[in-house]
Each structure stands twice: as C-alpha cells, then as structure tokens.
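For the single chain, residues carry numbers from 1 onward in sequence order.
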Amino acid sequence: MKSDSVKKGIPQAPHRSLFNALGYTEEERRRPMIGIVSSYNEIVPGHMNLDKITEAVRIGVAMAGGMPVVFPAIAVCDGIAMGHIGMKYSLVTRDLIADSTECMAKAHGFDGLVMIPNCDKNVPGLLMAAARVNVPTIFVSGGPMLAGHIDGRKRSLSSMFEAVGSVAAGKMTLDKLAEYEEKVCPTCGSCSGMYTANSMNCLTETIGMGLQGNGTIPAVYSARIRLAKHAGMKIMELVEKNIRPRDIMTKDAFMNALTMDMALGCSTNTMLHLPAIAHEAGVELNMEIANMVSDRTPNLCHLAPAGPTYMEDLNEAGGVYAVMNELAKKDLLNLDVMTVSGKTMRENIEGCYNTDPSVIRPIEDPYMPNGGIAVLKGNIAPDTGIVKRSAVLPEMMQHEGPARVFDCEEDAIAAITGGKIVPGDIVVIRYEGPKGGPGMREMLNPTSAIAGMGLDSSVALITDGRFSGASRGASIGHVSPEAAVGGPIALIHEGDIISIDINANKLNVKVSDEELARRKAEWKPRQPKVTDGYLKRYAALVTSGNRGAILELPKEMQ
C-alpha cells in the first residue's frame, strides 16, 4: 500500500506515534488510508451540508474496510462574492484548491481519495488535483438546491439578480424584491439552475469520476446521503483494482464531457475548466474543437437560466445518464471508457431512459440542432469569445450596434442601472480578464441588470472577463487575447460599430485593419490593479482564457 510509507517499518515508528496521538488504532492502520477531502464551510450554501456528506463517506469507507481520514478544501461562494472585489478571488481559488490538495495527499501517503466538492471552482480544482496526484479517487458532491417558488412559478438565484435590475427600471417594488430574497434560495445546495457548479458536477458524472446521480440528486434528498455512503464503499474497490484518475480521464472521456456540455447547455465556465483539468491529466483539449463538437451535438436541455426547468426536474427525468442515452442513439459518445463504478459508461447507462421529454428533449426533437455553447472569432477575438447560445434570444443571434466601452465592471453597472444604455447598444467591459482583473471576474450583475430592465432582447455584452452560469442573453465572454496584454478588445473606441453573428461564430468590430494597427501602436499597458498578495502572483503566472486560465511559469523559468 502507498500508505505503508508512513505506517510500516522501524523507521516509521515516529509516524505511528503521531497516528496514536490522533487516536487511530493498530487495526485501523492496517487498512488502506483514504483521504476524504471535505469542502464543508459555513459561508457557501452549497457546502453547509457537506459535513453530513463527509460523515456518510466516512461510514462507507469504514464499512468497506478502509481507514477514513478527513482534511479540508476551501471554497468561495460566487453569489456572495459577486459585484465587488471578492469576485477577483473566485477563479483563483481553483488553483489554490488543486495545489493544497496535492500537498496534503502527497505529504501523507494516502492510498485513495474521496473528493467532496459542490460549488463553482471547488469541483474543477479537485478534479485537477485528482489528475495530478493520480491515486484512486472518486467524487461525490453536495447536490443542487431545490428551486424557489414565487407566484406559482419556480425561481432561482438568477431571478434574484434580475429582480435587482427590475427594481432599477421601476418594474418591481421593493416589497416584491423582499419576497424574492425570502424565497428564491429555499434550501442548502448548489444554486438550482444549470449554473457552473451543477454543470461541473454533471460533467464529473459524465467524465466518469462520479457515480450515477452525483450531478442531479438534490442536496436535501436522503438519496444524496446514500450516494455518499456508496462512494465511500466504492473507493475501496478502486484501490483494490488500482483504477486511477488518469485511467478514467482520457481523451475520449473529455470528448464525452464536451459533447454532454453542448447537450445539457452548461455554463460557459466549463470552457475554462475542462481544458485546465485535461491539462493536468496530460490531455490536450483545444477549444478550437468546441464548434466542431457543437455542430454535431443537439441541445436537449433548457434548464434555468435558459428555460423554466431546474436540476430537480432533470433528476426526475432520468438525470445525466438519461441524456447520455439520448446521445447514444446517434453514436455521439464513446461508451467504452472506464468509470469509477468499475464498469464502462456503456454498462452504467444501460436502462437509464428519459422519462420526461419536456425536460430532456428526445434527440429526434431537440431544442436546437447544435450545442448550447459557441466559440466566436473575429478581429475582436482572434483566439476565442465564448457564448451560451442556448440562453440567447432568437432575435439576438445576429446583432449590430455601437460599442459602449467600459474599463471595469463597476462603471458598466452604473451606466446600465443609470439608464445610459439604450436598445441596440453593445456593452464592452474590458481589463477584467485573468491578468487584467486580475482573476477574471464573473459579470452576473451587468447581465442580470440588462435582463431585469427588459433590454436582453436588444443589448449585447462583450467582455474579456467571464459570466456566471446564471447569466443569459447575448453575453460573450472569455474574449482572448485579453485587453491587459494588448488584445484587440483594448482597441475598441466608444461608438465603434460591432457585428455579432452567433450562428456564423463571428465577432467583429467594423474598423479597418490599418486603423486597428494604428491604435495598437498607440496602446500602452495599464498599471496593475493589484500590486500585492496572492492576486499579484496569480496575475504574473496566469495564461489566457482560451487556454483555460492555467498557471504557467514564465518562459525563462521553465
């Protein structure tokens, strides 16, 4: 066993004395040592129940003959961090989570790991760590929140942010806003739509690292506790068979995840996380292929914010495996990949059928013939611009209008809520990319303000930052190269005419190459927004959004 390095032999006598200090018995030390990475905290609603999940995993590990050992991982609540300096610290935690988990796992010689994440950066961060450490590992998340109910309709966090915009536009009273506050987030769990957390938990199931139901069983269901116990038991089988993350997270598995991403209509943040996880697994996942995958993959789900259904509905309709079975009808997946069940994906999804065509469209009758995410290119975005196509109104799939240019999120929000943005405008928010932010803030506040004010059918937003999975509308993010490194988005002037054609995957400013070259020659880098602490180090190491915003040493240090 790998843990023998800290438990067996005369040189390990001091180590055993420390295990004695921890209260572990000799009988426990003879068993495989399983690290349980618990993301429990009391600031993230999706994590407040993880103490229960952790205890269930501990029971499962012990039942199956293992030695469970719990250690923590951090997590930021994107909703609470939204709209202020806190959002600069969201994406950057993904790498802190990966690094700290790697340190803990390798320093203590664990034979296997059970990862217990739930919210946005926690899931990809732990997947990155799993690929790095590469000991048998299984994931079990905390599960999604149930939807809220207002006036007989289901609601979620995106409704809350849009309500703020409605108040600013005089379309909602403060009393109604207070009702939304009370009702849109009724339980613990990751927010109830197909936002980033639920997207990544579903893709963890798809990629083979989580058991059936990991992405969809609601946080408050007892089935989630049973799932956690089964995950604790299953890790012992994975250790015995030495099935490791890199045996599961193969090129084919990532292609399955990208295909399911398009079918489910996941958050655009998956276009940052999948390449970063693949990088750690030694797999190249270039986002150049995203449109190719999208072109062949129909969009089968319109969960909030794209439509009126929620994670609880997807769960009742058959969950992730039912969607995979729809795609399997047209051979769009490689089903012979290994999974943490110890079986192939083909064996896993057998008999898992779609029970509600209003939630999961049959593949013969999709919402759209192509996928939920599109990669746009053009003279604004030579590398990439990402849009959640499934959440864009039909009339905004093609749009042309004047640029309204802002060099930070706060200035844009002030203009939107102050009534200075009018139908036809295209809001450009720059210097919010991985380096420029630093930290690539989510733009849920401005997109929600646009939607809440009734402008989502006439106003688009373009940024080198990113969007929450709760954003909807013609919101184009991850524009690369970013403004901070002199990307073309830095060269746009107020009033320039921008052309968006999502169907043709194009994003251009109607300015000549010669004029853009002249502006580029005059452009000067901005002074860093942050000059100390972790963000300073992050900005120095982070790469472009189209590469997954991975951290990389400068060339002279490689």
inquiry  = If you count every heavy atom of other residues, nucleotides or ligands that lies below 6.0 Å from H302 atom NE2, does the total exceed 12?
reply    = yes
M396 atom CE: more than 12 heavy-atom contacts under 6.0 Å = yes
key: CA sep, side-chain torsions, deciding dist, call: I277, M200, side chain to side chain contact (heavy atoms under 4.5 Å, CB included)   = CA-CA 11 Å; I277 299 161; M200 288 307 305; 3.8 Å; yes
query = Hey, does the side chain of T297 reach the backbone of A263 with a donor-acceptor pair shorter than 3.5 angstrom?
reply = no
request  = Please determine if K377 and E288 form a salt bridge, counting it only when a charged side-chain N lies under 4.0 Å from a carboxylate O.
outcome  = yes
task = Could you grab the distance from atom CE of M82 to atom CZ of F161, nearest 0.5 Å is fine?
result = 5.0 Å
query = How far apart are the C-alpha atoms of S141 and R224, what are their side-chain angles, what is the distance that settles it, and do they pass the side-chain hydrogen bond (donor to acceptor under 3.5 Å, both in side chains) test?
reply = CA-CA 9 Å; S141 77; R224 175 65 57 178; 3.1 Å; yes
ask   = Would you call D151 and K176 a salt bridge, using N to O less than 4.0 angstrom?
value = yes
message = Under a 3.5 Å distance rule, please check whether H47 uses its side chain to pair with a backbone N or O of N41 as donor and acceptor.
response = no
request  = Identify whether the distance between the nearest side-chain nitrogen and carboxylate oxygen of K171 and E162 falls below 4.0 Å.
outcome  = no
inquiry  = Testing the basics here: between A228 and V57, what is the closest heavy-atom pair and its distance to 0.1 Å?
reply    = O-CG2, 3.5 Å
ask   = What's the verdict on side chain to side chain contact (heavy atoms under 4.5 Å, CB included) for M115 and T204, showing C-alpha distance, side-chain angles and the deciding distance?
value = CA-CA 11 Å; M115 305 294 198; T204 299; over 6 Å; no
request  = Please test I349 against L333 for side chain to side chain contact (heavy atoms under 4.5 Å, CB included), starting from the C-alpha separation and ending with a verdict.
outcome  = CA-CA 12 Å; I349 69 171; L333 300 170; 5.7 Å; no
message = Tell me whether H84 contacts the main-chain N or O of I80 through its side chain, where contact means a donor paired with an acceptor under 3.5 Å.
response = yes
ask   = What do the steps show when you test K154 against E312 for side chain to side chain contact (heavy atoms under 4.5 Å, CB included), and what is the final call?
value = CA-CA 11 Å; K154 289 184 179 180; E312 62 203 69; 3.3 Å; yes
query = Is N256 reaching over with its side chain to a backbone N or O of I207, donor-acceptor style, under 3.5 angstrom?
reply = no
query = Which heavy-atom pair separates G265 from K388 by the least distance, and what is that distance?
reply = O-CE, 2.9 Å
R94 and D120 ion-paired at < 4.0 Å = no
query = With distance as the sole test, does D261 use its side chain to make a donor-acceptor pair with the main-chain N or O of A257 at under 3.5 Å?
reply = no
query = Which distance, rounded to the nearest 0.5 Å, do you find between the CD1 of I413 and the CD1 of I429?
reply = 7.0 Å
task = Evaluate side-chain hydrogen bond (donor to acceptor under 3.5 Å, both in side chains) for S341 paired with K234, printing each intermediate quantity in order.
result = CA-CA 7 Å; S341 71; K234 184 60 68 172; over 6 Å; no
query = Closest heavy-atom contact between S358 and Y367?
reply = O-OH, 3.5 Å
ask   = At their closest point, which heavy atom of N348 faces which heavy atom of K343, and how far apart are they?
value = OD1-CB, 3.7 Å
query = Does any N or O in the side chain of N299 come within less than 3.5 Å of the main-chain N or O of M262, such that one atom is a donor and the other an acceptor?
reply = yes
ask   = Do the side chain of N546 and the main chain of T384 share a donor and acceptor less than 3.5 angstrom apart?
value = no
note = Minimal heavy-atom distance between E395 and S457, with the atoms involved, is OE2-CB, 3.4 Å
query = For G143, does its backbone N or O pair with a side-chain atom of S190 as donor and acceptor, under 3.5 Å?
reply = yes
ask   = Would a distance-only check, ignoring hydrogens and angles, find a side-chain to backbone donor-acceptor pair under 3.5 Å from E326 to L300?
value = no
request  = Over all heavy atoms of both residues, which pair between N122 and S39 is shortest? Give the atoms and the distance, please.
outcome  = OD1-OG, 2.7 Å
Main-chain N/O of G371 paired to R389 side chain as donor or acceptor, under 3.5 Å = yes
